[in-house]
A.B. asks: 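Quick one: the structure is below, and I'll ask about it shortly.
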Amino acid sequence: MEILSNWTSKFPTFLLTAIPGLESVHAWMSIPFCCLYAIALSGNSMILFVIITQQSLHEPMYYFLSMLSATDLGLTVSTMSTTLGILWFDAREISLDSCIIQMFFLHGFTCLESGVLVAMAFDRYVAICDPLRYSAILTNSRIIQLGILMILRTVVLIVPLLLLLKPLYFCRMNVLSHSYCYHPDVIKLACSDIRTNSICGLIDLILTTGIDASCIVLSYILVIHAVLSIASPEERHKVFSTCVSHIGAVAVFYIPMVSLSLVHRYGRSAPKVVHSMMANVYLLLPPALNPIIYSIKTKQIRKAILNLLLTK
């Protein structure tokens, strides 16, 4: 009984994992991680700055892009401390309360980013399918309302999910698969009944990723239908090219996220290094690639950034 009491706790300490099997080269592995974090932080900060300071970019499309950059910054900062702490100082321990706080920001910013991508898809749909009413539909007040709605949805879905972790008991070696706390990774270590947690997590996944991805697909079906009705191939190419950046952002966000969810739910026999690499791709790739995608494919953003850099 004494041994059981030592192993069973409602206030456990978890051990985070960077990359299994490569503990001896953590210092070297920190170099690519630092590069990706630097790209994500500087790139998204640059886009936010030029949108705020350039009057010509005060349009709905760029307001949504600024929201995307803000969520990418939040997503980056929410995991940077624990990841670099492990790689630099082997600081693996984290309490349940700290884990819950990190999960709130991690899953919260993920939910926000999914909502922003839907808003951006709606923006492209209105711009292409109903251009004459674009300014009337996407007013500043409506954009603010969409932002508030996304934040409320995030809080309503994420807070109950995390509060359900508090009653759980943990009675194993609480070694997590990632360098940050991820809800499916945490609950699988509990020795309590986690059916409620799993159902709540699945409902949240459906109400965010499921609905958001369906809305994005529907919007592009309507956009493609509208584009194909344009007689001139040059005009088709010009109109559809305005969607390329958003399609890229959707791909680099949803593909790693869905892959990681599938690995956690159905790939328990997969090597630990697979879980770790998928987790790092899921969180580091979108914030690092989105500024590059929009800087390359969006002429106005590219021009604003070049003007800013050349005037220094």
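In this chain, residues are counted from 1 in sequence order.
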A.B. asks: When you compare the side chain of Asp212 with that of Leu117, does any pair of heavy atoms fall below 4.5 Å?
C.D. replies: no

A.B. asks: Is the backbone N or O of Tyr169 less than 3.5 Å from a side-chain atom of Ser192, with the two atoms forming a donor-acceptor pair by type?
C.D. replies: yes

A.B. asks: Indicate the atoms forming the closest heavy-atom contact of Thr154 with Cys111, along with that distance.
C.D. replies: OG1-SG, 3.5 Å

A.B. asks: Ignoring hydrogens, what is the shortest heavy-atom contact between Leu106 and Ser78? Give both atom names and the distance.
C.D. replies: CA-OG, 4.0 Å

A.B. asks: Nearest 0.5 Å please: distance from the CZ atom of Phe14 over to the CG atom of Asn174.
C.D. replies: 5.0 Å

A.B. asks: Would you call Asp204 and Thr209 a side-chain contact if the rule is heavy atoms closer than 4.5 Å?
C.D. replies: no

A.B. asks: May I ask you to test the Met67-Met150 pair for a side-chain heavy-atom distance under 4.5 Å?
C.D. replies: yes

A.B. asks: Measure the CG-CZ distance between Leu218 and Phe122 for me, rounded to the nearest 0.5 Å.
C.D. replies: 11.5 Å

A.B. asks: Which heavy atom in Ser214 sits nearest to a heavy atom in Gly210, and how many Å separate them?
C.D. replies: OG-O, 2.8 Å

A.B. asks: Is the closest side-chain heavy-atom distance between Phe109 and Val77 below 4.5 Å?
C.D. replies: no

A.B. asks: Below 4.5 Å, heavy atoms only, C-beta onward: do Leu16 and Glu93 meet side chain to side chain?
C.D. replies: no

A.B. asks: As a test of understanding, state which of Gln102, His107, Met103 forms a side-chain contact (heavy atoms from CB on, under 4.5 Å) with Tyr182.
C.D. replies: His107

A.B. asks: Which atoms form the tightest heavy-atom contact between Thr76 and Leu41, and what is the distance?
C.D. replies: CG2-CD2, 3.9 Å

A.B. asks: Test side chain to side chain contact (heavy atoms under 4.5 Å, CB included) on Glu113 and Asn290 and set out the steps.
C.D. replies: CA-CA 12 Å; Glu113 182 148 347; Asn290 282 340; 3.5 Å; yes

A.B. asks: Could you tell me whether the side chain of Ser30 and the main chain of Leu87 form a donor-acceptor pair under 3.5 Å?
C.D. replies: no

A.B. asks: What do the steps show when you test Ser98 against Ser95 for side-chain hydrogen bond (donor to acceptor under 3.5 Å, both in side chains), and what is the final call?
C.D. replies: CA-CA 5 Å; Ser98 298; Ser95 67; 3.1 Å; yes

A.B. asks: Atom OG1 in Thr242, atom NZ in Lys297: separation rounded to 0.5 Å?
C.D. replies: 11.0 Å

A.B. asks: So which heavy atom on Glu234 is nearest to which on Ser232, and how close?
C.D. replies: OE1-OG, 2.9 Å

A.B. asks: For the backbone of Ile296 and the side chain of Arg302, can you confirm whether one donor and one acceptor N or O come within less than 3.5 Å of each other?
C.D. replies: yes

A.B. asks: Report yes if some heavy atom in the side chain of Ser179 is under 4.5 Å from a heavy atom in the side chain of Thr79; otherwise report no.
C.D. replies: no

A.B. asks: Quick check: does any side chain N or O of Asn44 sit under 3.5 Å from a backbone N or O of Pro287, one acting as donor and the other as acceptor?
C.D. replies: yes

A.B. asks: What's the separation between atom CG in Leu15 and atom CD1 in Ile94, rounded to the nearest 0.5 Å?
C.D. replies: 10.5 Å

A.B. asks: When you look at Leu164 and Cys200, which way does the side chain to side chain contact (heavy atoms under 4.5 Å, CB included) test go after all the steps?
C.D. replies: CA-CA 9 Å; Leu164 286 171; Cys200 189; 3.9 Å; yes

A.B. asks: Look only at the side chain of Thr298 and the backbone of Ser295, and say whether a donor-acceptor pair between them is shorter than 3.5 Å.
C.D. replies: no

A.B. asks: Would Tyr180 and Asp185 satisfy side-chain hydrogen bond (donor to acceptor under 3.5 Å, both in side chains), going step by step from the backbone distance to the final call?
C.D. replies: CA-CA 10 Å; Tyr180 55 84; Asp185 196 26; over 6 Å; no

A.B. asks: Among Ile301, Leu308, Asn307, exactly one meets side-chain contact (heavy atoms from CB on, under 4.5 Å) together with Ile305. Which residue is that?
C.D. replies: Ile301

A.B. asks: Run Phe253 and Val258 through side chain to side chain contact (heavy atoms under 4.5 Å, CB included) and show every step you take.
C.D. replies: CA-CA 9 Å; Phe253 177 75; Val258 171; over 6 Å; no

A.B. asks: Atom CD1 of Ile292 and atom CD1 of Ile39: how far apart are they, to the nearest 0.5 Å?
C.D. replies: 5.5 Å

A.B. asks: What distance separates Leu112 CG from Thr71 OG1, expressed to the nearest 0.5 Å?
C.D. replies: 6.5 Å

A.B. asks: What do the steps show when you test Phe240 against Ile128 for side chain to side chain contact (heavy atoms under 4.5 Å, CB included), and what is the final call?
C.D. replies: CA-CA 9 Å; Phe240 196 69; Ile128 294 170; over 6 Å; no

A.B. asks: Please report the closest heavy-atom contact between Asp130 and Ile137, naming both atoms and the distance.
C.D. replies: OD2-CD1, 4.0 Å

A.B. asks: So do Tyr63 and Asn140 actually touch side chain to side chain, heavy atoms under 4.5 Å?
C.D. replies: yes

A.B. asks: Taking Ser219 for the side chain and Ile216 for the main chain, is one N or O donor matched with an acceptor at less than 3.5 Å?
C.D. replies: yes

A.B. asks: Are the aromatic rings of Tyr282 and His178 close, with centres under 6.0 Å apart?
C.D. replies: no

A.B. asks: Carefully, step by step, assess Tyr220 and Tyr125 under the rule ring-ring contact (aromatic ring centres under 6.0 Å, His included).
C.D. replies: CA-CA 7 Å; Tyr220 274 106; Tyr125 162 74; over 10 Å; no

A.B. asks: Between Asp97 and Lys166, does at least one N-O distance fall below 4.0 Å, as a salt bridge requires?
C.D. replies: yes

A.B. asks: Report yes or no: does His183 contribute a side-chain atom to a donor-acceptor pair with the main-chain N or O of Leu165 at less than 3.5 Å?
C.D. replies: no

A.B. asks: Do Leu65 and Leu68 make a side-chain contact, defined as non-hydrogen atoms from C-beta onward lying under 4.5 Å apart?
C.D. replies: yes

A.B. asks: When you look at Tyr62 and Gln54, which way does the side-chain hydrogen bond (donor to acceptor under 3.5 Å, both in side chains) test go after all the steps?
C.D. replies: CA-CA 11 Å; Tyr62 302 111; Gln54 299 292 318; over 6 Å; no

